[in-house]
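It should be emphasised that the depicted structure is a prediction, and the values quoted were computed from it without experimental measurement. Only this structure's heavy atoms are used, side chains among them; waters, hydrogens and symmetry mates stay out.
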Amino acid sequence: MGSQVVQTLRQGVWASLTGGWYHNPEQNKFNNSCHLYLWMFLLMLPLSLNLALPPTTTTLSIYCTSVTVFFIVIKMVNYRLHLMFNQGDIVAQNSVPDISKGVDKKSDASDSCLPSLSSDSAQEYKEIENNELEMPNLSPQVTKNNSSGIDVNSYTEENDPAELKVDVDGFLQIPAVYMRWTLSGRSHARGLSIDSGRDAVLISHRAKDKLGTMTSSKSDLEAKEGQIPNESNFVEFVSLLESINSARFGGGNEAEKENEERNGDHNIYSPFEGLNISHAQEEDSLDELSETSTQEKPSRKLYYKLKVFPGKWVNILYDRLTLIALLDRNEDMTENMVAVFLAFLVAFLGFVLLNEGCFKDIWVFQFCLVIASCQYSLLKRVQPDAASPTHGHNQIVIYSRAAYFCMFCGLIWILEIVLRTPDLPVSTVYGITIVTSDMDIHVVKLDVDLIFTGFTYCFPVTFLLGLFPQINTFVIYFLEQIDMHFFGGTAATGLPSAAYCIVRSLIALSLLYGFCLGALKEPWDEQHIPALFSGFCALLVVLSYHLSRQSSDPSVFLNLVLIIIYDLYFMLQKEILLSDLVVCILASVLTFAITASTVFLSLRPFVSIVLYALAATVGFVTHYLIPQLRKHHPWLWISHPVLKSKEYSQFEPREDAHLMWFERLYVGLLTFEKYIVYPAIVLSALTNDGFALSHRKKLGIHCDVLLMTVAGMKLLRASFCNPSYQFFTLIFTIIFFEFDCSSASETFLLNFFLMSIVFNKLWDLLHKLHFILLYIAPWQIAWGSAFHAFAQPFAVPHILTIYFAMLLLQTFITTLFYTPLSPFLGSAIFITSYPRPVKFWERNYNTKRIDNSNSRLVSQVDKETGCDDNNLNSIFYEYLTRSLQHSICGDLMLGRWGNYCAGDCFILASDYLNVLVHLIEVGNGLVTFQLRGLEFRGTYCQQREVEAITEGVEEDDSCCCCEPGHLPHVLSCNAAFNLRWLAWEVTTTKYLLEGYSISENNAATMLQVYDLRKLLITYYLKSIIYYLVISPKLQIWVKDQSMQEALQSYTKWHHIEKDPAVFSMKIDEDYVHCLQGVTRASYCNVYLEWIQYCANKLKEPVDSDEDSPLVTLCFALSVLGRRSLSTAAHNRSNSLESFLYGFNTLFKGDFRIAAKDEWVFADMDLLQTAVAPAVRMSLKLHQGHFTSLEETEEPAVLYEAISNYRTSLVICHESDPAWRRAVLSSRDTLLTLRHMVDEGVDEYMLYKRHLIFKVIKINKECVRGLWAGQQQELIFLRNRNPERGSIQNSKQAL
């Protein structure tokens, strides 16, 4: 625990403050020194230039040029070195230590340049040993650091030393001239095998009693997580493994001495390859030069060739891991160019502000420190970063600091220039006058400087606290907020989606702006409205309606373009496009006619008053009264819904949900409100405001037109998409600006537009306050860890005083910027996280499907493919997602989920499946959502959450400390009080969704008795006969002479199969006790009748008497099937656990054929079409035996049952791709066998039917806040304990 805290303080806290620099004791001195000097250079260069030289353009040019050249050199060298490692061009050279100089050759890192060696026979080594060869063209070199170095001697291509080559087997070979042998005849080589399939020889050069250290830190190794060794990076992975073994087994040198003493003077060498690195290998590793030795011994150094010029190259003694520990790797030239450009931009903008005199005294040093941290992060990243959503290396976070610095400095510079401009326009908005005098300009300048420069000073602390997201998340968030609040758009699902949404909104705005500008240039009277303005209104309604119907996914638009290009007729068949085309034409004609009729001008204000009253009434009934009456507990007082669905009283509904009268009423009112009331209100406001602006321009013609166009488009799109809360906004707008602040009122359209933004923030504020209050309630406060025992007592007294004031301030700020407010480690201390878009997760959390089609064969044979619940159950959630795709939009419009908006979170809870549904995009007739499977099991706290969801409060009679009961149909006082202190609420209890009902049976219970196992084997053998007889290749198999010859022994009646590991009297019905085995006669005595019955069902007659080839083949397959079962059960079929393991192995298709049964290889279809399906069918027959006993008695009934199951039932293993295809194709019934290591073997029967779910709405700010807190704890604080205290005992927040 202590080391983890120190590591977090070093790599997390200190590195975040400095931009990535920290002292890492796990790295060598060279890397730590380079990091320190780099950081000091980036800090002192702007500080010294600013202090020593005047603030001129020349000084700025010197600084920017220096930084740019510096970064270009570093990035180019780094890129070339990685390119050198990728090419893997290795040479070997001799290095003779200069002992006479007495130089101490101590090093902090081991030699990591490791090639591979291959030998095909011991003869090669003997030839090498007998030949004394000289080293050609090799010059001695003194190397002071065993881990890095450069040979300054250059060679032409003609005189290159012999290079390592790859032989026909794929092994790197070192020429014989480079093999070095000691006086005792032992080679300095060890065998190595890595999963890449390459063998390597590790040449060790370490001093006795001295171990090499790892060449990279833990954070750098985490960045390499998931990287697979290949030909390019193979050498450094060998180095890493050597370093790990060196550090792990410290007694390696002593073991080497003992090994040498045991071997004595015996000069024995055995060639080896393919050995795994282990402790034994470390003990057998060879000695190198002793520090006390006075004899010069040549040592082998392996170098990489770095070409400098054509025909010229230098030797580099380095490795990739050490280089990555020194500098971050950029994958391509584009990343290098972006890094260099950002470094130049940081230098330019930072020094411009220094020259402008924005920073004085000690703040100059602070600003230079910020510049250094931003530039250093482009060379060496901060890991872990407080804003990173992923573990390990995150390429995007590298550019975040520099990008934010450029944005803030650019804003400061632009505002400095703007505020110096003379004769700024004077404007008054909502009674506030903007810019009136030079004094006001000076005050504004001071305020701006204070805000932006203050943020710039606090950059290190800001990034430490994680208040800024990574730059792509910020771009998504920024574009999404603009599109939602100013243009009425929906949420975005990614960066392309956000860019696409803002671009299409700007295109529509520019088109509307032109029409509106032309209509308002000249004044017009009440009796005549210009046709251009009517056209503007018609186009505004049409574009707003069409945009509200379009998804934010740009791929939909691209597909549409392709359809238009290739097939226009097919485009017109699309329902949405055809509907939009018809509706847009009608809407444009009606809008043009209504606005041109001057009805809004001639009947004002009567029309406006009627429309306002109508909107308030319809909105109240539609979005408040009906949803409350349909809730599970209306107003959290009534014990049951007032408006009940037909399925409410049904135990197991078997039909689709019935459409109730109140649902029809809800849809009718919603349609009337969406398409008539609010468009009429907006058009009335547009007409009145347009008439006023045509005579008097308040903010200038362009500004007035822009505001009116933006407000009209935003209000119409928001009304078309989701008018759930529009009536609240409308009522508040009228009351506030008519009675409270009438003097500050602007036009109604602008007032409504402003209040729509304010009300959106107020709803978020309400959700945040609700989450905070219920989370810090004294009777619900968490005590899940030792940290809580320390933090909670200190937080509670401050909640009422200072802390509450700071918490309230945080709440307002986070509401303004749409930022989660998360409890720190699950305590009552809340901290602000970084802003997130509506889709607040930044990674792809989709479960990766694992089955036999995308997994290695060894994983399918040696272990269960995807044997964890998350992978096996993911198919059920995938099917549930597809079911929701067809029904969720309609159900939301019918009000079956209650009121909703973008960002809302729901839980669908049933007996078997629990899912979290997050609404991302809510449009007009479309919904984008994410579904995440939830597994409420494993811990006591999760069980409490399940109880909280499932238990009812209707029977609660308590009031405070007594139980006086409650009124009929009303909740008790305690129940009503507790429901108000939950972050979730049950909206619907009987929500129907098509899915699969899972019937789970424990196979161990069903096969515990030997008689039941005997019955399973009987069904197994009968199923083999059935599938053999119905096979189209039966005639070929029966007449195949080669197969008949192989089965000659099975034709003899006295032939006995008496393997005690395979056959047993306990489980084989045809077992003969006196013969201790199974014979053809005993087999025919049991199964001949069934064989003949199946044969008689064929259209072509087949001989099926006792001596027929068919009976012989059936008998042989029965022996093969039972022997395969015994082999899979490790020859312990009598043990229940082994029997189940073996049967599950056969069920998934893994057959291990014994030598006696190799005759089946003559045609593998015998296994695939007869034996394999028989295993699966026997499971279903054995399961059905408990309900239909007659299946075992009568052949006709059994034959009919197998035929029906074969056509109507899908039986396969869950790792079989056929299982996924069957589920997604909505097959009615499925059966599988699941084997869990800890839980045993279970049979799973799936029945397609309507599943009943509870719809539970969760406070979305609670979800966002807890998500942000868990992300910080898992990634930044590195607490991966599944039982961490922050997720314990939170029943109120789930």
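- For the side-chain hydrogen bond (donor to acceptor under 3.5 Å, both in side chains) with Gln470, the qualifying choice from Thr390, Asn394, Asp385 is Asn394, the only one to do so.
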Exercise. Determine, stepwise, if the pair Tyr404 / Phe408 fulfils ring-ring contact (aromatic ring centres under 6.0 Å, His included).
Key: CA-CA 6 Å; Tyr404 283 116; Phe408 274 87; 7.2 Å; no
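- The backbone N or O of Val370 lies less than 3.5 Å from a partner atom in the side chain of Ser373, making a donor-acceptor pair.
- Under a 3.5 Å cut-off, the side chain of Thr59 and the backbone N or O of Pro55 do not form any donor-acceptor pair.
- By the 30° and 60° cut-offs, the orientation of the rings of His918 relative to Phe840 is tilted.
- Here the side chain of Thr814 pairs no donor or acceptor atom with the backbone of Pro820 at under 3.5 angstrom.
- Between the side chain of Glu480 and the backbone N or O of Val838, at least one donor-acceptor pair lies under 3.5 Å.
- The CG atom of Asn31 sits 9.0 Å away from the CG atom of Asn24 when rounded to the nearest 0.5 Å.
- Other residues, nucleotides and ligands contribute over 12 non-hydrogen atoms within 6.0 Å of the CZ atom of Phe41.
- To the nearest 0.5 Å, the span separating OG on Ser388 from CD on Gln395 amounts to 11.5 Å.
- Atom CG of Asp361 is surrounded by 12 or fewer heavy atoms from other residues, nucleotides or ligands within 6.0 Å.
- The backbone N or O of Val352 lies less than 3.5 Å from no partner atom in the side chain of Trp413, so there is not a single donor-acceptor pair.
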Exercise. Apply side-chain contact (heavy atoms from CB on, under 4.5 Å) to the pair Cys368 and Leu354, showing each step before the final yes or no.
Key: CA-CA 9 Å; Cys368 292; Leu354 287 175; 4.3 Å; yes
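- Side chain of Lys75 to backbone of Leu379: no donor-acceptor contact under 3.5 angstrom is found.
- Checking Ser497 against Ser552 by side-chain atom types alone, a donor-acceptor pair falls below 3.5 Å.
- In this view, Phe359 and Phe367, Tyr457 satisfy the ring-ring contact (aromatic ring centres under 6.0 Å, His included) rule, not counting sequence neighbours.
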Practice problem: Apply side-chain contact (heavy atoms from CB on, under 4.5 Å) to the pair Cys374 and Phe459, showing each step before the final yes or no. | Solution: CA-CA 9 Å; Cys374 294; Phe459 256 35; 4.2 Å; yes
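- Leu43 CG to Phe365 CZ: the interatomic distance, rounded to the nearest 0.5 Å, is 5.0 Å.
- Applying the side chain to side chain contact (heavy atoms under 4.5 Å, CB included) criterion to Leu774, with sequence neighbours excluded, gives His770, Gln780, Trp981, Ala983, Gln1292.
- Residues passing the ring-ring contact (aromatic ring centres under 6.0 Å, His included) test with Phe71: none are found, sequence neighbours excluded.
- Using a 4.5 Å heavy-atom cutoff, the side chains of Phe351 and Leu49 are in contact.
- In this structure, Arg1264 is positioned above the aromatic face of Tyr818, its NZ or CZ under 6.0 Å from the six-membered ring centre and within 45° of the axis.
- Listed for the Asn32 side chain is no donor-acceptor partner under 3.5 Å among the backbone atoms of His35.
- Within 6.0 Å of atom CH2 in Trp14, 12 or fewer heavy atoms from other residues, nucleotides or ligands are found, so the atom counts as exposed in its surroundings.
- The distance from atom CE of Met76 to atom CE of Met333, rounded to the nearest 0.5 Å, is 6.5 Å.
- In this structure the side chain of Leu45 never reaches within 4.5 angstrom of the side chain of Phe70, judged on heavy atoms.
- In this structure, Arg401 is not positioned above the aromatic face of Phe405 in the sense of NZ or CZ being under 6.0 Å from the six-membered ring centre and within 45° of the axis.
- Taking OG of Ser33 as the reference point, atom CD of Gln27 lies at 10.5 Å (rounded to 0.5 Å).
- The closest donor-acceptor contact from the side chain of Gln810 to the backbone of Phe830 lies under 3.5 Å.
- Distance OG1/Thr815 to CD/Glu1261: 7.0 Å, rounded to 0.5 Å.
- Between the side chain of Asp328 and the backbone N or O of Arg381, at least one donor-acceptor pair lies under 3.5 Å.
- Between His82 and Phe85, the ring planes lie perpendicular to each other; the angle is over 60°, past the 30° to 60° tilted range.
- By the 30° and 60° cut-offs, the orientation of the rings of Phe344 relative to Phe348 is parallel.
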Self-check item: side-chain contact (heavy atoms from CB on, under 4.5 Å) assessment of Leu327 paired with Leu38
Solution: CA-CA 11 Å; Leu327 297 171; Leu38 280 175; 4.2 Å; yes
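- Side-chain N or O atoms of Asn1259 include one that pairs as donor or acceptor with a backbone N or O of His767 at under 3.5 Å.
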Practice problem: Take Ile813 and Thr832 through the side-chain contact (heavy atoms from CB on, under 4.5 Å) test and state the conclusion after the steps. | Solution: CA-CA 9 Å; Ile813 294 175; Thr832 302; 5.9 Å; no
